[in-house]
Amino acid sequence: MEIPSKFDSRQVESKWYAFWQENEYFKSVPDDREPYTIVIPPPNVTGVLHMGHMLNNSLQDIIIRRARMRGFNACWVPGTDHASIATEAKVVAKLKEDGIEKSSLSREAFLEHAWDWTHEYGGVILEQLKKLGCSCDWDRTKFTLDPEMSESVLRVFIDLHNKGLIYRGFRMVNWDPEAQTTLSDEEVIYEEKSGNLYHIAYQVEGSNGRVIIATTRPETLLGDTAVCINPEDERYHGLKGKRLIVPIANRSIPIIEDEYVAMDFGTGCLKVTPAHDLNDKALGEKHNLDVIDIFNADATLNEHGLEFEGLDRFVARKKIVKALDALGVLVKTELHVHKVGTSERTKAVIEPRLSDQWFLKMEQLAQPAIEAVLHSDEIALLPEKFKNTYRHWMENIRDWNISRQLWWGQRIPAYYYGSGKDDFVVTLTPEEAIDAAQKKSGNTSLTKADLQQDEDVLDTWFSSWLWPISVFDGIRNPENEEVNYYYPTQDLVTGPDILFFWVARMIISGYEFRKEKPFSKVYLTGLVRDEKGRKMSKQLGNSPDALKLIESYGADAVRVGLMLSSAAGNDLLFDENLCQQGKNFANKIWNAYRLIDGWEIEKTIKPSVAADEALDWYENHFNKTIQWVDENFEKHRISDALMTTYKLIWDDFCSWLLELAKPAYGKPIDAETHARIIRLFENNLRLLHPFMPFLTEELWHYISEREVNQALTVSSWPEALSFDNGLITDFEITKEIVAGIRNFRKDKNISFKEKITVYVTNSEKELPYQASIVKLGMLDEIIYSQAPEKINGGSFRVSKVEFFIPTLAPEDPEAEKEKLQAELKYTQGFLASVEKKLANERFVANAPEQVIAIERKKASDAEEKITMLQKSLSLL
RNA sequence: GGGUGUUUAGCUCAGUUGGUUUAGAGCGCUACCUUGACAGGGUAGAGGUCAUAGGUUCGAAUCCUAUAACACCCACCA
């Protein structure tokens, strides 16, 4: 087959992806091989591929492809997440554009819109993963809202409820007034904002005295039910037991004492609003205070807002400040920088709010997950530094608020039959609920119409924490063949930003529902940042279009670009130049094959000595390199594994081996050399395939016609054979000698095409790889003796061997002398440092033998070299 | 405020449990080469007092202490 002069990534990529799929190479069913399983971190169903996904999924693909080649039954399960808040927000926004308010729709009608949206945009991201080359078993694609997946979630809810671990509580939660939903602590982002600290005077009841309190939220004074001072605070001892009048509201509230109040902040007097602040709520409970909630769900003021009723909280704040000022009780206003919680999704300022929520008790559940990561090392976090973060979170774990005031998600399977606190049942279906409710209430006349299902849905993470189990149906059918075979999985690859949201909770659920870890290794990638170090985000518009990158550079190139600088766990500063580097690499390999392919093969000629030398060396070097690459993979140092392979192919294979094995221009190559080169080239492709699947598969089929089951994707990973290290280290010297000759030519302005003779002046022993030196140095011959006298020329040295090269032009003895003297000076300096070490008695007494032997060798080598240099100098 | 981590060449990073010459790689840079696989290429070169100050040791980029800058996580004092 004629090979085109350019590698056309677009055409090649779609061709081979289709081929792989047609032949079901990525499909996995349980068999007698050992499984290697990865479950994908499910991206948002309506999301589009961004750089983080590219990094993440390239890594997973590299790992799973290598596992497949190593003979494991490789199974990579893809899927998507319903992402309740994010998706619902998108649907609401879309409806708004069409002039439809969510509040005007029934739950059913809204869900219909949401499903339409999901069907329209859902799965786009999975198609994009195919473009990247991801070798997922697409027949296994799951969606967290699939009926079976949802059923698993509900069963888990019921199970945990029956175990007494799920409870309802009236709690202070993070309320997003825009989305009108609760957010978990993890979904709140604290932003530093500059605001005002208002100092407001409260009148002491029954006297003319005033007390100044400081607050950043003056509007909440309408909900004040106490003012608190520190009992140690002597300034306020006179106030103990008195009451104050809240301005505007004109309510009387008590002064309470608690050590919680800091004496050195503000005025030392704290207004207490139990309905609108977590700490105030705690104080309120401790001191039995009333709770006055002044907000509606959308954070406008309610009837407690008096004349400000109906105003938005921020509008009300301004008006109230004005009103306070008018009353003469606004003592002063100072600038104050503080952190304000905002919603990760809507950016709205979070309102702490008391409401009825469902919670999952975490402390007991977390114990096995703590043990597995921190003590038994059943699960490894890579890099290890995340262990500390994990420990900190797990040991201070708080109950998980699992209810969300949304419609898009699994609706909480609790059915209320009365208004009492416990008048509800938790069942899988509404039908079961009737039975259960009749039993629990003792009222056998209860019908479906008497039951009211909880309006809330479950937190998205409450479905994704089951992912590694539920994708194999291990919740509903815990003994099925699939889950028993594939679970626990091997690796999880994800970002450290969801270590708590997701990773920790999967570990918890794994031990709770399967009594076993969900995965052995967690590979935490860094965040992808732009070249200025900023996090890539839509808002900044600094995230390159992932698909465009693939189109312009090719998927292989983008994968290489991402891997080249993504050291484990470190953030990745993404620069498009990296993709260019990947593309250049693809081009290099392509052209290497074009060179080999272009040779005419002649069976009757014998291999050249240089080719034999080079092939022997490369075979050994290749085996050594596989070992190193394997080691890097074991340590999950994927970028090192790639860089090692990159250098192996570019430098060792192309620059050294091919240059040495290459026949003279227009001449044929002998069949044996050709066959050996092809075999080595194939092995290179195997090593490279996980990183650059498309290019390597394409070349694999150019090399020869292959049967369907002999595609590279399903071939084997090269085995690390034994090697002769001596051959490898000798060649390093050869490289230095060749470089020395090239340098000399450049120095003396001798063309690289002009043949020269080299004298080895101080050694009778033939150099290893002599034919190679002759070929790459473009030498006539190597003569092992002093150069004849009166010949002009210069010299260079590699370790202890001196090389002399004659030159036509009379040599400038001064320049040569200078060069020698510089070299001499360096070597003497070096020797001095080594001798100083050796002269130190304590060094000789304390250092291990081996180290001393090395130092002695250094010294004697240096001495020899000095002798040689001095001799050469004296000859000049 | 508490914690964790980072700081090595212009840039991005290695440096494998203190001793492989007087510290490495890739990219970038500089000079030269270039009709014979590849200019998306080749050959060579320049470039670092390993953040700073102390300490431990025969020996420190590597261990300890302090300081500084940066990053992230946790908490959230009105």
Side-chain angles (χ1 to χ4, degrees), chain A residues 5-6 185 190 197-198 213-217 220 228 260-262 264-273 277-280 336 338-341 383 385-389 391-393 396 496-497 499-500 526-527 529 531 533 564-567 569-573 575 577-578 580-581 583-599 631 635 637 639-640 643-644 646-647 650 654-655 658-659 662 664-666 739 742-743 745-747 749 751-752 799 826-827 829-831 833-834 837 840-848 850-852 854-855 857-859 861-862:
Chain A
S5 65
K6 295 266 184 241
D185 293 338
Y190 287 88
L197 191 59
Y198 301 94
I213 59 94
T215 181
T216 53
R217 301 202 58 192
T220 62
C228 189
Y260 163 75
V261 177
D264 55 358
F265 186 88
T267 61
C269 283
L270 172 70
K271 70 190 230 13
V272 185
T273 322
D277 184 276
L278 189 60
N279 296 303
D280 289 12
H336 178 62
H338 62 143
K339 291 196 172 172
V340 177
K385 66 179 176 190
F386 287 110
K387 265 189 173 183
N388 281 326
T389 325
R391 172 188 295 117
H392 194 258
W393 194 74
N396 297 290
D497 48 334
L499 182 60
F500 309 132
L527 292 171
R529 297 172 177 280
E531 60 276 26
L564 275 178
S565 69
S566 79
N570 284 342
D571 285 357
L572 164 70
L573 266 71
D575 187 335
N577 288 332
L578 292 166
Q580 185 59 48
Q581 197 185 339
K583 194 175 176 186
N584 291 354
F585 185 41
N587 180 60
K588 184 76 184 177
I589 300 161
W590 186 258
N591 281 300
Y593 182 68
R594 285 181 60 218
L595 171 70
I596 300 168
D597 189 52
W599 291 329
E631 241 178 272
K635 292 180 186 161
R637 300 174 60 135
S639 68
D640 286 337
M643 186 45 80
T644 306
Y646 178 94
K647 285 192 273 192
W650 197 309
C654 295
S655 299
L658 289 183
E659 290 302 328
K662 191 187 225 179
Y665 180 63
R742 285 171 175 162
N743 237 334
R745 283 178 185 273
K746 196 182 171 190
D747 237 33
N749 230 344
S751 158
F752 282 83
S799 80
Y826 174 89
T827 316
F830 173 65
L831 177 64
S833 83
V834 176
K837 226 187 244 184
N840 186 332
E841 278 172 37
R842 286 194 288 180
F843 170 71
V844 180
N846 292 320
Q850 233 184 334
V851 175
I852 298 171
I854 290 168
E855 292 301 319
K857 177 87 167 39
K858 282 188 206 167
D861 283 358

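Below, all heavy atoms of this structure are taken into account, side chains as well, without hydrogens, waters or symmetry copies. First the proteins, then the strands, lettered A, B, ... as listed; each starts at 1.
A donor-acceptor contact under 3.5 angstrom links the side chains of N591(A) and N587(A), judged on distance only. Between the side chains of N577(A) and Q581(A), no donor N or O sits under 3.5 Å from an acceptor N or O. Side chain to side chain, T273(A) and K271(A) meet the donor-acceptor criterion of an N or O pair below 3.5 Å.
At whole-Å resolution of the value, CG in D747(A) and C1' in C33(B) are 15 Å apart. Between the CH2 atom of W650(A) and the C1' atom of G40(B) there is a distance of 7 Å, rounded to whole Å. Rounded to whole Å, atom P of U4(B) lies 14 Å from atom NZ of K385(A). Here the P atom of nucleotide U4(B) and the CG atom of N388(A) are 7 Å apart, to the nearest Å. In this structure, the CG atom of L278(A) is 11 Å from the C1' atom of A75(B), given to the nearest Å. Computed from coordinates, the D280(A) CG to A78(B) P distance equals 11 Å when rounded to whole Å. One atom, CH2 of W599(A), and another, P of G36(B), lie 16 Å apart when rounded to the nearest Å. For the pair L595(A) CG and C38(B) C1', the computed distance is 9 Å after rounding to whole Å.
Partner assigned to C38(B) is none, using Watson-Crick or G-U wobble distances below 3.5 angstrom. Under the Watson-Crick and G-U wobble criteria, each requiring two contacts below 3.5 Å, nucleotide A23(B) is left unpaired. Base pairing of A14(B) is not made with any nucleotide, judged by Watson-Crick or G-U wobble geometry with both donor-acceptor distances under 3.5 Å. The partner of A66(B) is U52(B), by the rule that a Watson-Crick or G-U pair needs both atom distances under 3.5 Å. Pairing for A46(B) is absent, judged as Watson-Crick or G-U wobble with the two contacts each under 3.5 Å. Base-pair partner of G28(B): not found among the strands shown (Watson-Crick or G-U wobble, both distances under 3.5 Å). Across all strands shown, A9(B) remains unpaired; no Watson-Crick or G-U wobble contact has both distances below 3.5 Å. Base pairing analysis places C72(B) opposite G3(B); the two distances defining the Watson-Crick or G-U wobble pair are each below 3.5 Å.
Considering only the side chain of N584(A), G40(B) comes nearest among C74(B), G36(B), G40(B). Here the nucleotide nearest the side chain of Q581(A), chosen from G5(B), A37(B), C27(B), is C27(B). In this structure, the nucleotide among A37(B), A44(B), A25(B) sitting nearest to the side chain of M643(A) is A25(B). Side-chain proximity of A262(A) to C77(B), A37(B), A44(B): nearest is C77(B). When each of A37(B), A78(B), C76(B) is scored by its nearest atom to the side-chain atoms of L658(A), the top-ranked nucleotide is A37(B). Counting only heavy atoms from C-beta on, V261(A) has its side chain closest to A78(B) among G36(B), A78(B), C77(B). Among U16(B), U4(B), G40(B), the nucleotide with an atom closest to any side-chain atom of N587(A) is G40(B). Distances were taken from every side-chain heavy atom of T215(A) (C-beta onward) to each of C38(B), C73(B), A78(B); the shortest belongs to A78(B). Distance from the side chain of S833(A) is smallest to U22(B) among U22(B), G42(B), A37(B). Distance from the side chain of H392(A) is smallest to C74(B) among C74(B), A78(B), C27(B).
Residue contacts shown for N396(A) are absent, as no nucleic acid heavy atom lies under 4.0 Å away. As judged by a 4.0 angstrom heavy-atom cut-off over every strand, C228(A) is placed among residues making no nucleic acid contact. Counting non-hydrogen atoms under 4.0 angstrom, G666(A) reaches nothing in the nucleic acid. Counting any heavy atom pair closer than 4.0 Å across all strands shown, I854(A) reaches no nucleic acid atom. Here A845(A) lies out of heavy-atom contact (under 4.0 Å) with every strand. Residue-level contact check: Y826(A) touches the bases, meaning some heavy atom is under 4.0 Å from a base atom.
Straight-line distance between the C1' atoms of U6(B) and G15(B): roughly 15 Å, to the nearest whole Å. Atom C1' of G54(B) sits at a distance of 15 Å from the matching atom of A68(B), rounded to the whole Å. A37(B) and G26(B) have their P atoms separated by 24 Å, with the value rounded to a whole Å. Comparing the P positions of C13(B) and A60(B) gives an interatomic distance of 28 Å, to the nearest angstrom. Between A23(B) and U49(B), the distance separating the two P atoms is 12 Å to the nearest Å. Using P as the reference atom, A14(B) and G55(B) are 30 Å apart when rounded to the nearest Å. Using atom P as the reference point in both A53(B) and C29(B), the two lie 34 Å apart (nearest Å). Taking atom P in both A66(B) and G3(B), one finds a spacing of 12 Å when rounded to whole Å.
For the pair C228(A) and Y260(A), the minimum side-chain heavy-atom distance is 4.5 Å or more. L197(A) places none of its side-chain heavy atoms less than 4.5 Å from the side chain of T215(A). Within the 4.5 Å cutoff, the side chain of K662(A) has no heavy atoms near those of the L658(A) side chain. W393(A) places none of its side-chain heavy atoms less than 4.5 Å from the side chain of L499(A). Taking the side chain as every heavy atom from C-beta outward, T216(A) and Y198(A) never approach each other to under 4.5 Å.
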Please tabulate the protein-to-nucleotide N/O contacts below 3.5 Å involving nucleotides 56-60 of chain B, giving atom names and distances.
residue: C58(B); atom: O2'; partner: N840(A); partner atom: ND2; Å: 2.7

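At the phosphate of G15(B), OP1 or OP2 sits under 4.0 Å from a side-chain N or O atom of R637(A). Contact annotation: N577(A) does not reach the phosphate of G28(B) (side-chain N/O to OP1 or OP2, under 4.0 Å). Taking 4.0 angstrom as the limit, Y260(A) places none of its side-chain polar atoms (N or O) nearer than this to OP1 or OP2 of C76(B).
In terms of position on RNA chain B, the residue among N279(A) and A739(A) whose nearest nucleotide sits closer to the 5' end is A739(A).
A donor and an acceptor atom sit less than 3.5 Å apart, one in the side chain of K588(A) and one in the base of C38(B). A donor-acceptor contact under 3.5 Å is not formed by the side chain of K647(A) with the base of A25(B).
Of all the heavy atoms in V834(A) and E855(A), the pair that sits closest is CG1-O, 3.3 Å.
Using cut-offs of 30° and 60° on the angle between ring planes, the pair Y646(A) and F585(A) is tilted.
Here the NZ-CD1 distance, from K857(A) to I854(A), works out to 10.5 Å after rounding to the nearest 0.5 Å.
The aromatic ring of W590(A) does not stack onto the base of C38(B), failing the criterion of a centre distance under 5.5 Å from the six-membered base ring together with planes under 30° apart.
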Residue pair S751(A), R745(A): steps toward the side chain to side chain contact (heavy atoms under 4.5 Å, CB included) verdict: CA-CA 7 Å; S751(A) 158; R745(A) 283 178 185 273; 5.7 Å; no
